[in-house]
Amino acid sequence: MHELSLCRSLCTSLEHEVQTRQLKQVLSVQLAVGSLSCLEPQALEFCFSAMAKPSALEGCKLTIRRQPGNATCRQCASCYPLENWLDPCPACGALERDLQGGDEVLIEQMEAY
């Protein structure tokens with residue numbers, strides 16, 4: 001359950017922005033979460049709502065947009081969507097690959113006043 005530590009870092013980053021920009025309230029936050037990040041959106045939402053109290057983040061709407069995983073095969077150079085870390089290349093069956101995305105967690109948007 002690394003959602004808790006991730007939410008702690010997320011709240012710290014958002015509170016830093018609140019202080020830096022002298023904001024009062026964060027209304028919404030949109031995250032891009034890679035499908036290979038091993039994060040459960042429901043656990044992320046639960047941890048965020050619990051950690052947002054009491055602060056400028058309390059009541060903030062958290063939206064999570066799942067990012068698909070993509071990889072390039074090291075054997076045959078095929079580019080393919082990667083749903084699971086253990087999926088082989090659909091063209092040649094190799095497991096060696098270079099990840100092209102899908103493990104990221106990014107703050108895409110924050111609405112505040």
Side-chain angles (χ1 to χ4, degrees):
M1 177 143 177
H2 56 281
E3 286 85 354
L4 186 61
S5 60
L6 183 114
C7 278
R8 185 173 293 126
S9 296
L10 173 63
C11 289
T12 299
S13 296
L14 293 171
E15 288 171 354
H16 176 75
E17 285 299 312
V18 166
Q19 290 177 350
T20 301
R21 298 173 190 251
Q22 298 179 343
L23 301 170
K24 293 183 180 180
Q25 184 70 42
V26 178
L27 301 174
S28 65
V29 173
Q30 180 174 321
L31 297 181
V33 177
S35 61
L36 301 170
S37 67
C38 300
L39 291 169
E40 291 295 327
Q42 292 172 333
L44 205 54
E45 290 169 352
F46 175 80
C47 291
F48 182 78
S49 67
M51 296 192 78
K53 299 175 187 175
S55 70
L57 301 173
E58 187 169 1
C60 171
K61 179 182 177 189
L62 180 66
T63 303
I64 298 172
R65 188 174 65 79
R66 294 296 271 186
Q67 287 281 96
N70 291 299
T72 302
C73 179
R74 290 184 184 171
Q75 296 294 318
C76 70
S78 293
C79 296
Y80 59 95
L82 187 63
E83 298 295 324
N84 187 314
W85 283 104
L86 300 177
D87 290 344
C89 172
C92 71
L95 290 172
E96 297 85 20
R97 63 187 158 246
D98 293 317
L99 190 63
Q100 304 299 320
D103 63 342
E104 65 274 14
V105 178
L106 302 170
I107 299 172
E108 289 189 318
Q109 187 175 22
M110 178 175 96
E111 180 181 10
Y113 67 91

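- Checked by atom type and distance alone, the side chain of Glu83 never pairs as donor or acceptor with a backbone atom of Pro68 at under 3.5 Å.
- A 4.5 Å side-chain heavy-atom check between Cys92 and Cys73 finds at least one atom pair inside the cut-off.
- Checked by atom type and distance alone, the side chain of Ser13 pairs as donor or acceptor with a backbone atom of Ser9 at under 3.5 Å.
- Interatomic distance, CD of Glu3 versus SG of Cys38, reported as 9.5 Å (0.5 Å rounding).
- One hydrophobic cluster, built from ILVMFWY side chains closer than 4.5 Å, holds both Val18 and Ile107.
- A heavy-atom distance below 4.5 Å is found between the side chains of Leu23 and Met110.
- Residues Arg65 and Thr63 are not in side-chain contact: their nearest non-hydrogen atoms beyond the backbone lie 4.5 Å or more apart.
- Here the shortest heavy-atom pairing between Gly69 and Leu36 reads CA-CD1, 3.9 Å.
- The closest side-chain heavy-atom distance from Cys89 to Cys76 is below 4.5 Å.
- Between Gln67 and Ala32, the shortest heavy-atom distance links the atoms CG-CB, 3.8 Å.
- Note that the NE2 atom of His16 and the CZ atom of Arg21 stand 9.0 Å from one another [nearest 0.5 Å].
- Expressed to the nearest 0.5 Å, how far SG of Cys79 lies from CZ of Arg97 amounts to 13.5 Å.
- Looking at every heavy atom in both residues, Ala56 comes nearest to Lys24 through CB-O, 3.3 Å.
- Both Ile64 and Phe48 are part of a single hydrophobic cluster, where members link through side-chain heavy atoms under 4.5 Å apart.
- Under the 4.5 Å side-chain heavy-atom criterion for Ile, Leu, Val, Met, Phe, Trp and Tyr, Leu57 and Leu6 are members of the same hydrophobic cluster.
- Taking SG of Cys60 as the reference point, atom NZ of Lys53 lies at 12.5 Å (rounded to 0.5 Å).
- For the pair Leu82 and Asn70, the minimum side-chain heavy-atom distance is 4.5 Å or more.
- The local environment of CD in Glu40 is sparse, with at most 12 non-hydrogen atoms from other residues, nucleotides or ligands closer than 6.0 Å.
- With a 4.5 Å cut-off on side-chain heavy atoms, Leu106 and Leu31 do not count as touching.
- Taking the side chain as every heavy atom from C-beta outward, Cys7 and Phe46 never approach each other to under 4.5 Å.
- Under the 4.5 Å side-chain heavy-atom criterion for Ile, Leu, Val, Met, Phe, Trp and Tyr, Leu14 and Val105 are members of the same hydrophobic cluster.
- The minimum heavy-atom distance linking Leu86 with Leu95 is given by the pair O-CD2, 3.7 Å.
- Under the side chain to side chain donor-acceptor pair (under 3.5 Å) rule, Ser28 has a single partner from Gln109, Lys61, Glu111, which is Glu111.
- Contact detail for Leu39 and Arg66: the closest heavy-atom pair is O-NH1, 3.2 Å.
- The minimum heavy-atom distance between Tyr80 and Thr72, with the atom names listed, is CE2-C, 4.5 Å.
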